[in-house]
Number of protein chains: 2
Amino acid sequence: MKLSKKSEYALRALLELTMAHGKTTLQRHEIAARQHIPVEFLEQILLALKRAGLLSSRRGMKGGYGLIKSPNEITLGQVIRILDGPLAPIGCVSKTAYEKCRECPYADNPQCPVQHVMGAVRDAISGILDHYTLADFAAGSHKQ
Amino acid sequence: MKLSKKSEYALRALLELTMAHGKTTLQRHEIAARQHIPVEFLEQILLALKRAGLLSSRRGMKGGYGLIKSPNEITLGQVIRILDGPLAPIGCVSKTAYEKCRECPYADNPQCPVQHVMGAVRDAISGILDHYTLADFAAGSHKQ
DNA sequence: GGATTCTTGATTAACACAGTCGGTAATAGA
DNA sequence: TCTATTACCGACTGTGTTAATCAAGAATCC
């Protein structure tokens, strides 16, 4: 039930990029310095976010990163899935990356008690993270 | 955001012990066979649950394991914490194992956006797992 | 052309996860 | 009392993940 450092750094980096959005772009080292993130590690995180289509970038002097979409079109759920994979605690209740549980006496039987409770947990997590946008995040509150 | 195999096996083992509760005790190999769990791995799980005060045990012939408390006094949250540690996605929002986040620009400032959203996630997870008892679990449904 | 910055890929050390193994201690039954 | 059975305990192992670090390449601006 743990969030990786990678995802945490990604959220903090996107926080900076959200605040800069519309005004300017930010360079790796600026983000790293403000959020105390190792710059080389941050680099691969920003690259992953770029490949996923969340960021644009520009090389050379005056280069840097910027959000492509509006901060209220990006949810924290999307971000965490990019870096940590599915939100579901167990493969057999994932909606974005379902995986049939092998070696379970209940197989893919929907009566499975584990599926029942973990499905509820998945829905609760997704209910928050998939409705919480970067705009909410930067504002520090969640307008539901 | 993932449940370990250890916790999953623990839940499945406790499912068997709940069904047997009041009638009989169960031996490692019975639980292992019914739930398809490697018996030596199951062993250390049962031992951990015993040390945590959830199970009683008896050695030798006619030995085995049994629940100490009533199934509606044990929650899935308790069980998962024993094997996987805190439910919170991040140390700085854990209620059972709080840890101040070092190297975060917001430190322990309650305005921290990460704390805000992850606190909500923690509460959602705990809201389910700390109110879901073994009795609910075995019945396959949750009476709120 | 040279400084700057992003881009890519490889590599690393430390740790956690999932499982295995060998030996010890208690209990029941013969 | 002997023996079979079962739980108990600690150490060990392989595999993969996490959290970086590093070196070299490619685009961009002055």
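Each chain gets a letter, A, B and so on, in the order the sequences are listed, and its residues count up from 1. What's counted below: heavy atoms across the whole structure, side chains too, no hydrogens, waters or symmetry copies.
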Quiz item: Nearest of C/dA18, D/dC8, D/dC30 to any side-chain atom of B/F41?
Solution: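 Among C/dA18, D/dC8, D/dC30, the one nearest the side chain of B/F41 is C/dA18.
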Measure from [atom1] on [X] to [atom2] on [N] and round the result to the nearest Å.
| X | N | atom1 | atom2 | value |
| --- | --- | --- | --- | --- |
| B/M1 | D/dT17 | CE | P | 18 Å |
| A/H29 | C/dT5 | NE2 | C1' | 9 Å |
| B/L47 | C/dA18 | CG | P | 18 Å |
| A/K5 | C/dA14 | NZ | P | 19 Å |

If only side-chain N and O atoms of [X] are considered, is one of them under 4.0 Å from the OP1 or OP2 phosphate oxygen of [N]?
| X | N | value |
| --- | --- | --- |
| B/Y9 | C/dG19 | yes |
| A/S4 | D/dT17 | no |
| A/R28 | C/dC6 | yes |

Quiz item: Salt bridge between A/R12 and A/E16, side-chain N to carboxylate O under 4.0 Å?
Solution: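 Salt bridge flag = no for A/E16 with A/R12.
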Practice problem: Using a 4.0 Å heavy-atom cut-off across all strands, classify A/Q27 as base, sugar-phosphate, or nothing. | Solution: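 The residue A/Q27 makes sugar-phosphate contact but no base contact.
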Quiz prompt | Closest-nucleotide 5' rank along DNA chain C - winner of A/K62 and B/R59 | solution =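 Comparing both residues, the 5'-ward one is A/K62.
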Practice problem: Determine, stepwise, if the pair B/H116 / B/Y106 fulfils side-chain contact (heavy atoms from CB on, under 4.5 Å). | Solution: CA-CA 12 Å; B/H116 194 266; B/Y106 292 86; over 6 Å; no
Quiz item: Would A/L83 and A/L49 satisfy side-chain contact (heavy atoms from CB on, under 4.5 Å), going step by step from the backbone distance to the final call?
Solution: CA-CA 8 Å; A/L83 296 148; A/L49 294 173; 4.3 Å; yes
Exercise. Answer with yes or no whether B/Q44 presents, from its side chain, a donor or acceptor under 3.5 Å of a partner atom in the base of D/dC8.
Key: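 Not at all, since no donor on one side and acceptor on the other fall under 3.5 Å apart.
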